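Just so it is clear, the structure is predicted and the values come from calculations on it, not from any experiment.
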Amino acid sequence: MRILIVDDEPGMHESYRQCFKAKGGAQGAALDALAAELFGDADADETNGAPADGEQFDTVHCMQGLDGVEAVAASLDSGDRFAVAFIDVRMPPGIDGKETAKRIRALDPDINLVIVTGYSDFSPLEISREAGPADKIFYIAKPFQVEEVVQTATALGARWEVDRRLAAAMVTLEEQKAELAANESKATHLANHDSLTDAPNRLAFMRALTDHVRGPDTFAMVMMDLDRFKLVNDTFGHLAGDELIRMVCDVVQSNVPAGGFVARLGGDEFAVLMKVTGEDEAVMACERLLLACSTTFSVFGHSVQGSASAGLVIVGPGMRHDPIDVMRRADLALNESKRGGRGIVKVFDESMDESIRFRRQIESGLSQAIANGELRLVYQPICARDRMEVVAFEALLRWNSPEYGNISPGLFIPIAEESNLIHELGDWVLDEALKMLQRWPGQYVSVNFSPRQFRRQNFVGHVVERVQHAGIEPTRLQIEITETAIFDNAERAAETLYRLRQMGFRIALDDFGTGYSSLYNIRKFALDCLKIDRSFIDGMGRERESAAIVHSIIHLGRALGMEVVAEGVETEAHLQALRLAGCSHYQGYYLARPLEADVAIDVANERYMAPDEPGAGDDPEAQPANGTHG
């Protein structure tokens with residue numbers, strides 16, 4: 001330990017030398033015991049920096065304040081810094097102790113200063129103001145005792161070592177925080193951009209389309225794909241096909257109207273969003289895009305004649321469309337343009353969509369489905385990592401219509417959301433799931449709530465009332481919501497989730513990675529669990545980007561103390577890859593398909609799930625779970 005002595009009296013320096021001679025025997029043992037008592041460790045000499053028995057203090061002696069300041073500067077340059085400086089307060093004719101302490105503190109903010117004085121022209125408060133902080137300035141009165149000086153040096157030296165280790169740990173934490181933020185940024189970019197063109201991908205496009213649908217302006221959505229693209233791949237190879245896609249993407253991005261949004265949806269398919277005043281403007285803009293693509297491209301030395309077809313949908317303010325429905329209509333219009341001779345634009349009209357009438361019939365039938373007993377819940381197990389213990393089930397809704405048979409939740413849930421039936425439907429699902437909890441030994445149930453349910457007036461009170469009526473502990477209900485639900489009104493959502501957590505409910509963020517998430521937002525909201533969207537699990541073995549996203553989400557969840565559930569675990573390869581990545585919970589067909597109620601009760605009582613057990617997937621009508629839509 002390095003000690004600096006600054007005093008203008010030679011006799012005082014001799015006294016310090018006597019103090020800091022190596023102390024063996026009983027006196028050294030006493031100092032070791034003192035350090036252990038101060039710092040709570042029997043091995044204080046090793047862990048807290050207190051001098052070991054027989055260890056020498058490394059002292060540097062200076063006769064004047066300026067010499068002491070120079071010594072501190074030199075120690076900083078060499079890296080061999082002082083832990084403690086003993087400074088005489090009165091040192092004529094040079095600078096006094098207060099000024100010396102002030103200059104030393106300016107150079108080294110970590111050093112502990114001990115002001116040694118018999119009489120001082122300055123009060124401790126004055127010195128502290130000049131050379132603070134106060135917790136790094138101490139005082140010893142002259143004449144001093146040997147033990148007093150040695151004990152002070154021992155204690156402050158140990159404290160200095162602890163402070164240095166703490167500072168180093170804080171630096172490490174800041175570096176880890178920066179690395180986590182960088183990984184998050186990279187994962188977010190990968191999740192929202194196409195790896196071939198670096199244009200926004202389908203996920204990013206759906207987010208932008210959702211914003212446009214909810215916005216106040218008229219806009220057009222264009223679905224485009226290349227004509228006879230398969231011929232390019234077959235003739236020149238897939239590398240040439242990829243290069244053509246990159247070129248076309250550049251052309252579309254260069255020719256889209258100002259403020260337009262261009263995304264690659266996959267393959268040779270592109271989508272465009274642009275604000276327009278009406279159909280005529282939209283058609284003209286779309287025709288300009290097709291004209292720009294109808295040029296000759298030079299691909300690896302080969303001349304390729306470009307051509308594209310487009311489907312167009314105009315959405316005005318106040319038109320209540322689901323974003324997926326808008327995309328579906330654009331796709332129908334694109335199919336019409338292909339059938340109409342390629343290289344042209346077709347605007348969607350109702351005659352293209354026979355399913356609109358079907359949707360209206362579904363809405364009518366759904367309103368009677370509860371009363372007629374046509375709905376049921378199935379339950380897909382959620383297994384914990386270590387022993388594949390079944391810790392929970394996700395409740396998934398099924399509708400068997402007498403007229404249409406089994407109807408996909410992906411079809412009737414959006415219809416219920418649009419028609420206000422979602423509240424009645426959601427109440428039935430919650431009540432049925434709570435009844436099942438009474439028949440399970442201890443598992444919790446995870447229930448999906450749509451964005452419209454979550455925005456319901458007094459949502460918290462509504463859920464609490466139904467749970468209390470069922471006689472169920474809130475800890476056994478997990479509320480699954482999507483990112484769309486909470487980011488529509490982030491402040492209100494944060495308050496709602498906080499209140500739910502305070503009452504004991506579990507909160508899971510479904511389809512994580514496909515929406516608006518950022519590290520700040522995840523920390524802001526009260527969450528217990530992140531559920532990785534099945535699309536990333538499915539892509540792990542084929543796409544490096546999907547694997548990177550899955551690993552990033554798992555590491556993020558572990559860093560924030562959250563459970564991470566991987567949805568869509570359908571193969572042994574999926575399971576092993578997720579285990580290696582450190583995922584805490586699994587859900588998917590490889591473990592079990594959604595189970596009928598009586599089978600789920602048996603599985604709950606057995607508690608442990610072997611992936612290859614035949615009982616897991618015996619429901620021939622079970623459909624894959626996909627979050628809010630079951």
Side-chain angles (χ1 to χ4, degrees), residues 1-39 44 49-72 75 82-105 108 111-160:
M1 181 201 310
R2 297 196 79 202
I3 306 291
L4 176 65
I5 312 294
V6 185
D7 199 300
D8 64 330
E9 298 182 26
M12 290 303 300
H13 284 282
E14 185 58 33
S15 297
Y16 281 114
R17 289 189 179 94
Q18 293 299 320
C19 291
F20 292 125
K21 282 184 178 179
K23 303 296 181 182
Q27 188 172 358
L31 287 176
D32 289 344
L34 173 64
E37 182 178 351
L38 286 172
F39 300 104
D53 186 14
E55 182 181 335
Q56 289 278 2
F57 288 96
D58 181 8
T59 58
V60 174
H61 296 260
C62 297
M63 297 299 295
Q64 288 294 325
L66 290 175
D67 297 335
V69 173
E70 291 179 2
V72 171
S75 74
F82 291 105
V84 186
F86 288 84
I87 304 172
D88 184 20
V89 77
R90 307 185 81 196
M91 293 184 292
I95 62 174
D96 56 35
K98 184 183 79 166
E99 182 64 22
T100 301
K102 175 183 176 181
R103 296 190 186 186
I104 288 176
R105 173 67 68 216
D108 188 347
I111 192 171
N112 293 289
L113 303 179
V114 181
I115 306 300
V116 184
T117 177
Y119 171 79
S120 175
D121 297 321
F122 311 106
S123 68
L125 182 59
E126 290 179 286
I127 298 175
S128 180
R129 285 173 179 166
E130 296 290 338
D135 66 336
K136 289 187 178 292
I137 298 181
F138 304 87
Y139 299 88
I140 292 180
K142 291 182 180 180
F144 51 70
Q145 299 295 319
V146 171
E147 291 79 4
E148 183 181 13
V149 172
V150 175
Q151 289 173 8
T152 299
T154 300
L156 294 182
R159 171 184 166 173
W160 182 78

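Residue G68 comes nearest to V6 through the heavy atom pair CA-CG2, 4.0 Å, listed as atom of the first residue, atom of the second, then distance. Of all non-hydrogen atoms in A83 and M1, the two that sit nearest each other are CB-CG, 3.9 Å. Here the shortest heavy-atom pairing between T154 and F57 reads OG1-CZ, 3.8 Å. R2 approaches S75 most closely through the heavy-atom pair NH1-CB, 3.7 Å. Contact between F20 and A153 at its shortest, heavy atoms only, is CE2-CB, 3.7 Å. What you find for C62 and L4 is that their closest heavy atoms are SG-CD1, 3.9 Å.
With rounding to the nearest 0.5 angstrom, the CE atom of M63 is 9.0 Å from the CG atom of D67. Between the NZ atom in K98 and the CD1 atom in I115 there is a gap of 11.0 Å [rounded to 0.5 Å]. Here the CD1-CG distance, from I3 to N112, works out to 9.5 Å after rounding to the nearest 0.5 Å. Atom SG of C19 is separated from atom CD of Q145 by 9.5 Å, given to the nearest 0.5 angstrom. Note that NZ of K102 and CZ of R105 are 13.5 Å apart. Values are rounded to the nearest 0.5 Å. Rounding to the nearest 0.5 Å gives a distance of 11.0 Å between CD of E70 and CD1 of I104.
With contacts defined as side-chain heavy-atom distances shorter than 4.5 Å, the pair I140/F86 qualifies. Counting heavy atoms from C-beta outward, V146 and Y16 have side chains that stay 4.5 Å or more apart. Annotation: side chain of D8 is in contact with side chain of D88 (closest heavy-atom distance under 4.5 Å). When side chains are defined from C-beta on, V114 counts as touching T152, because their heavy atoms get closer than 4.5 Å. The shortest distance between side-chain heavy atoms of I87 and V116 does not fall below 4.5 Å. Looking at V89 and K142, their side chains never come closer than 4.5 Å, going by heavy atoms from C-beta outward. For the pair L156 and F138, the minimum side-chain heavy-atom distance is below 4.5 Å.
Salt-bridge formation is not detected for the pair D108/K136: no Lys NZ or Arg NE/NH1/NH2 atom is positioned less than 4.0 Å from an Asp or Glu carboxylate oxygen.
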- side chain to side chain contact (heavy atoms under 4.5 Å, CB included) between V72 and F82, worked out: CA-CA 7 Å; V72 171; F82 291 105; 4.2 Å; yes
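Looking only at atom types and distance, the side chain of T59 has a donor-acceptor partner in the side chain of H61 under 3.5 Å away.
At distances below 3.5 Å, not a single donor-acceptor pair connects side-chain atoms of R103 with backbone N or O atoms of L66. Checking side-chain atoms of D96 against main-chain N and O of E99 turns up a donor-acceptor pair under 3.5 Å.
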